[in-house]
Protein chains: 2
Amino acid sequence: MGRITIYEVAKKAGVSVATVSRALNGGRVAPETKAKVLEAIRALGYRPDRMAQTLASGKSRTVGVVIPDSTGPLYGLMLRGLSDALLEHGYGYIGTESRRDPSREAALLDEMLARKVEALVLVGSGIPAQALRQRFPKLPPAVLIEREGQETALPTFQIDNEAAAYRATRLLLEAGHTRIAHIQGLRRAGRERERGYRRALADAGVPLGPMARGDFTEEGGYRAMRALIQSETFTAVFVANDRMALGVYKAAFEAGLTIPDDVSVVGFDDLAFAAYLNPPLTTLRQPAYQLGLEAGQAVLALLAGRTPESKVLPCELVARASVKHKGGVA
Amino acid sequence: MGRITIYEVAKKAGVSVATVSRALNGGRVAPETKAKVLEAIRALGYRPDRMAQTLASGKSRTVGVVIPDSTGPLYGLMLRGLSDALLEHGYGYIGTESRRDPSREAALLDEMLARKVEALVLVGSGIPAQALRQRFPKLPPAVLIEREGQETALPTFQIDNEAAAYRATRLLLEAGHTRIAHIQGLRRAGRERERGYRRALADAGVPLGPMARGDFTEEGGYRAMRALIQSETFTAVFVANDRMALGVYKAAFEAGLTIPDDVSVVGFDDLAFAAYLNPPLTTLRQPAYQLGLEAGQAVLALLAGRTPESKVLPCELVARASVKHKGGVA
DNA sequence: GCTGTTGGTGTAAGCGCTTACACGGAGTGG
DNA sequence: CCACTCCGTGTAAGCGCTTACACCAACAGC
């Protein structure tokens, strides 16, 4: 390609390549020499070759991140937070989606390792940390976001699903509801949310409500709600995520049920559409950006030799009109 | 890091490093030698270092892609299509979001060039191709998706916004509507959709309806619809995207208007929520995955020395319940 | 039997950087 | 005025690969 290399710069500036390198990477260089070098760089339009830098120095200044699904807005936000944290320190990231396929995920890891990432951020990874270390003996420092497994050898950042679900259920309880249904989600997040739901009920001495299994999609929420409506009675439902809540709205409408008059609903995630539903959906806002940011800072810490602490971030309850006080009770 | 290099493999297999390299990259190697090498690689768990490969060969087997916003589900789908196309041929990609900030976009390009991407895929790029070539003299082959500017020196893949909008408006027309409003979108896509709307009206001999400027967000759609309702009369509205349609639903509801009885609405994009709105939203499905796939194939073609053709993909009309035939007319 | 292929392999020269080491000169203290 | 330090710089050895080139069989054709 006839690229301009560090040699051209060195020649033009009348110094050695080592000096150019030092000028660029903060080694000792006399101010005026540095100025000359910088000027030559500017004049030539020189850009260092990352590959060569990485090869020579052993540090790629990039971290690899794998998310389950590049289509989810929450993951996009996480990436944003991550990138914001990393960029400040001259790090970049390369990322791809695993589509929740463990073998695909393993292949991606291979690829990232081959690219010499200095650290890894695994979001919602299905691979247990242990299996990870085994398959990839030379695993670089890693942090997890929303891990699936139990092992926690790695710093982990996640939201407090259980507390948030507890809060959601509590809200329904405080509104006087005593028959509160739950539409369950998938994976760890789903289980934790269910646990919060159960605990809130138990703490309040209210019997467990009916539950239906969902899959985090609109369609799954729709089906679950239909099943619930057909065979159970309840005045409120805590849905494990907003997408399913959409299906719940639809099923309720089709059954002639009015939200929130006949049934109150609270969702989870606070996706963009939640505020614009009819009625606006009460839900729990996930600090996705924050999660990414924290993970990014943790990675940086790890790279600096420090040991970051795992964190559990709270969700914010966003009260809107889909929950109604059940007259008389309370 | 004590990594295993090609030398270890060569020694273990009892051949030279050149032979190992050839065995890996499809050079001439005797079958049995190749078997030995492969076995040694397996035994050692050797992974070639992409950086070194790139540096030595000059080819990185990766393409850079920049999207405007990693939070948009449509872009996620594009990436998926792209990655599916590239992976088949041993290519990978590195991608990031520009957040529609030209200076950020330029910085990203810098970074990708430094990483020696062999080609570029620019989605909704704000930088004119010309300025691009000027700022980056050594620009690798590039393809555009949803370009903003007019210049078309580069292969471009986009959807037929105008035809789709024409179709949408036509649907409203065929349903007997004669006062059809439009909520405009942003950028080229917005302008093209508006043009389709105008043309459909003109072709039908129906006077132009009221228009309000939106910004592709729920809030923008809401405000635009409010303004429209307050000062205009119309029985249908073509909204430039689904997110704004959400705001439209809300504004209509607040104004006591029923969809589709009082006002029919058609959106654009067919996001996941569209089918679950009340009433389900009639909209135009964007072939986002397909767009990514085509772009990926084009990139591969470019890299193979061929010249891919630009393509304009059609959108699919998804008729749902938000459009109602206006009694009597038609 | 000799020259001409051709397939399989090794040797070694880079690719564009970083960095250990060496070196000279200027400044310091005794 | 000498021995030290320290700073700024250059020299050169890699980093882990690819690949042009050379080389050596083995085998064909004449």
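Residue numbers start from 1 in every chain, and the chains themselves are labelled A, B, ... in the order their sequence lines are given, proteins ahead of strands.
- No donor-acceptor distance shorter than 3.5 angstrom exists from the side chain of E148(A) to the backbone of S125(A), with no hydrogens or angles considered.
- Within the 4.5 Å cutoff, no side-chain heavy atoms of V65(B) are placed close to those of I94(B).
- A 4.0 Å heavy-atom criterion places the boundary nucleotides of DNA chain D facing chain A at dC7(D) to dG16(D), written 5' to 3'.
- Looking at V143(A) and L154(A), their side chains never come closer than 4.5 Å, going by heavy atoms from C-beta outward.
- Summary of the strand contacts: L55(B) and T19(B) both lie near DNA chain D, and taking for each the nucleotide with the nearest heavy atom, the more 5' one is attributed to L55(B).
- Across all strands, S21(B) comes closer than 4.0 Å to base atoms (heavy-atom distances).
- Between E146(A) and Y75(A) the shortest side-chain heavy-atom distance falls below 4.5 Å.
- Annotation: proximity of residues 31-47 of chain A to DNA chain C (heavy atom, distance under 4.0 Å) is found for Y46(A), R47(A), numbered in ascending order.
- If you find the closest nucleotide of DNA chain C to N25(A) and to V29(B), the one lying nearer the 5' end belongs to V29(B).
- For the side-chain contact (heavy atoms from CB on, under 4.5 Å) with V20(A), the qualifying choice from T33(A), N25(A), V37(A) is V37(A), the only one to do so.
- Residues Q297(A) and H89(A) have side chains not in contact (no heavy-atom distance under 4.5 Å, counting atoms from C-beta outward).
- Note on A30(B): only backbone sugar-phosphate atoms sit closer than 4.0 angstrom, heavy atoms only; bases stay farther off.
- Here the side chains of Y93(A) and V121(A) are not in contact, with every heavy-atom distance at 4.5 Å or above.
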(request) Please step through side-chain contact (heavy atoms from CB on, under 4.5 Å) for the pair L303(B) and E118(B), ending with a clear verdict. (result) CA-CA 8 Å; L303(B) 257 19; E118(B) 289 182 50; 4.0 Å; yes

